[in-house]
Colleague: 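The structure under discussion is supplied below as C-alpha cells; questions concerning it will follow.
Naming: A, B, ... by sequence-line order, numbering from 1 per chain. Here the structure is a predicted model, which is why all the values come from computation and not from measurement.
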Amino acid sequence: MGSSSAALIRGEGSAGSLGRTPEAFERDVRPALPGLYRFCLVLTRSRADADDLLQEVLVKAYENAAQFDGRGTLVGWLCGIARRERLEQARVASRRQGLLDRVLEGCAEVLGPLFGGGSNTDPEQHAVRGERARRLITALHEVPEEYRVVLEIVDVEGLSHSEASEVLAIPIGTIKSRHARGRARLLDVYRTKFGGAQ
Amino acid sequence: MTTHRDNELEEELAPLPSEVAEDLAALRAMDAPADVTARAFARIREPAAPPRPSAKPARRRFVAGLTVAASACALLVLSLVNLQPRADEIALALPSEGSGYIHLPWNLHEQDGAATMKVETHAQLAALHPAPDSSQCGEERCIHEWNIDPKAGGLRVAIPGPGRWHFDVRHTKNGSEVTKRFVVVATRD
C-alpha cells in the first residue's frame, strides 16, 4: 500500500493504493465507514436496508479495489458504489412492487439507536445528538431522493460539488441546482414538520 | 469537520439556520455500528469457493455438486447436476439482526462458454448481486435471469429473515435445461 489511510480519506491516494488483502483493505477503509454508513442510512428506508447496503458496498469495493485511482476521496468512491448498488436494488424492487419510492415504513427502524457505542461522550449529550441526527434523517427522507443524495454527500459528508458530480455521475450544474433545491425542500420540511428553521 | 467544499458554495447558498446546522453536525458524529462493520469484514474474509473438481468429458455440459461450507455467513456452494430436479435443504443461521447471506457460485466449465442462469426466488429476495440482467415478478415469486461468463464469480443473495426460502435454479445451455431446487431454512437465535 502506497498511501496512509488518512491520505486516502483526504483524496490524496494514488492508483492501486487501496489494500488488496482483507486485512489491508479493512485498515484502509475503516476510517471512511462512518461517512459511508450515513450515506447508506440516508439512501435507504430502514436501518436493516442500510446495514445490508453497507455490507454489499464493502464487498464490492474489495472486489474492485484496483479501480480506486485515488483521484477523489475514498468516502466519495464508496458512496458512488453505494449509489449504483442502490439503483440496482431499486430497479429490481420497482419491478416487483411498482413503487420506487416506498412510504416511510422503515423510518422508525432507521430511528433506532444511531450512535452505536464506543463513544466517550456524556450520555445526555449522546442522547441529544441522537435526537438531532434522527430528526435530520426523518426530514431528509421527506425530500425527494435526487435531492436527498446530494444533500447528504455535500452537506453531511462535505464533498465538493465537483466530486459529488463524479460520484453521482451527474453534471456539476445539476448537482448545484439539486443542492439548492434540496436545501429549500429540507428547510420546508423543518418548517412544516418541526415548526422551525425560519 | 474538514470539507472539500468549493469556497464559492457558501456564497451561492444562504447559510443554513442554526437548528439545521446543529442537526447536520449531530449526524456527522454518527458512526457505523460495530456489529454491521464486523459482519461486512467477515464476509470479505470468507474463504473463496473451493476449486471446481475436474469433470469427465461426458459430464462437461453441466456441472455437478452442492456443497455447504459452514462459515460466518453460511457459504453455500451450489452446482448444477445432470440429474432430475430434486430439493435440498440448507440451514442458515441468521445474525442477531439484519440479513444473512448465501453465496451461489456459478460453478460452470470455462470451455462451456457463456450460459443462461435463471433463479426463481421469493419476491422478498430482492438483494441479488450481481443484479440480474432481467427479472419478472409476480406477487410472490420472481424469476431472475443472468447471462453469465463461466469465469464470473457467483451470486450473493440476502436472506432477510427466518423461514423457508425456496429457490429454483435453471441452467440453460444448447437448448437443454437442468433444474435444481433447494430450500434455505433460515433461523435466528
Colleague: What is the distance from atom CD1 of Ile44(B) to atom NZ of Lys60(A), rounded to the nearest 0.5 Å?
Modeller: 13.0 Å
Colleague: Which of the residues Leu140(A), Leu136(A), Val42(A) is involved in the greatest number of heavy-atom pairs with chain B at under 4.5 angstrom?
Modeller: Leu136(A)
Colleague: To the nearest 0.5 Å, what is the distance between CG on Asp155(A) and CG on Leu27(B)?
Modeller: 10.5 Å
Colleague: Could you go through the side-chain contact (heavy atoms from CB on, under 4.5 Å) check for Arg30(A) and Thr37(B) one step at a time?
Modeller: CA-CA 9 Å; Arg30(A) 194 167 274 284; Thr37(B) 57; 4.1 Å; yes
Colleague: Look at the side-chain heavy atoms of Ile, Leu, Val, Met, Phe, Trp and Tyr, link any pair under 4.5 Å apart, and say whether Val75(A) and Ile170(A) land in one connected group.
Modeller: yes
Colleague: So do Leu16(B) and Leu187(A) actually touch side chain to side chain, heavy atoms under 4.5 Å?
Modeller: yes
Colleague: Give a yes or no on this: more than 12 heavy atoms of other residues, nucleotides or ligands lie within 6.0 Å of atom CZ of Arg181(A).
Modeller: no
Colleague: Looking at Arg28(B) and Val156(A), would you say the former's side chain and the latter's main chain have a donor-acceptor pair under 3.5 Å?
Modeller: yes
Colleague: Kindly compute the distance separating CG (Leu151(A)) from CG (Leu24(B)), expressed to the nearest 0.5 Å.
Modeller: 8.5 Å
Colleague: Locate the shortest heavy-atom distance separating Ala40(B) from Leu54(A); write the atom from each residue and the value.
Modeller: CB-CD2, 4.4 Å
Colleague: Can you see which heavy atom on Ala26(B) is nearest to which on Ala133(A), and at what distance?
Modeller: CB-N, 3.9 Å
Colleague: A side-chain contact here means heavy atoms from C-beta on lying under 4.5 Å apart; do His179(A) and Leu13(B) qualify?
Modeller: yes
Colleague: With a 4.5 Å heavy-atom cut-off, do Tyr62(A) and Arg43(B) have their side chains touching?
Modeller: no
Colleague: Quick check: closest heavy atoms across Tyr37(A) and Asp31(B), and the distance to 0.1 Å?
Modeller: CD2-O, 3.8 Å
Colleague: Determine whether Val29(A) and Phe41(B) satisfy the following criterion, side-chain contact (heavy atoms from CB on, under 4.5 Å), listing intermediate values before the conclusion.
Modeller: CA-CA 10 Å; Val29(A) 304; Phe41(B) 287 125; 3.6 Å; yes
Colleague: Quick check against the 3.5 Å criterion: does Arg38(A) have a side-chain atom that pairs as donor or acceptor with the backbone of Met30(B)?
Modeller: yes
Colleague: Give a yes or no answer on whether the side chain of Arg183(A) reaches the backbone of Pro15(B) with a donor-acceptor pair at less than 3.5 Å.
Modeller: no
Colleague: Is there a side-chain contact between Asp51(A) and Arg39(B) (heavy atoms, below 4.5 Å)?
Modeller: yes
Colleague: Any ion pair linking Arg135(A) and Glu22(B) (charged N to carboxylate O, less than 4.0 Å)?
Modeller: no
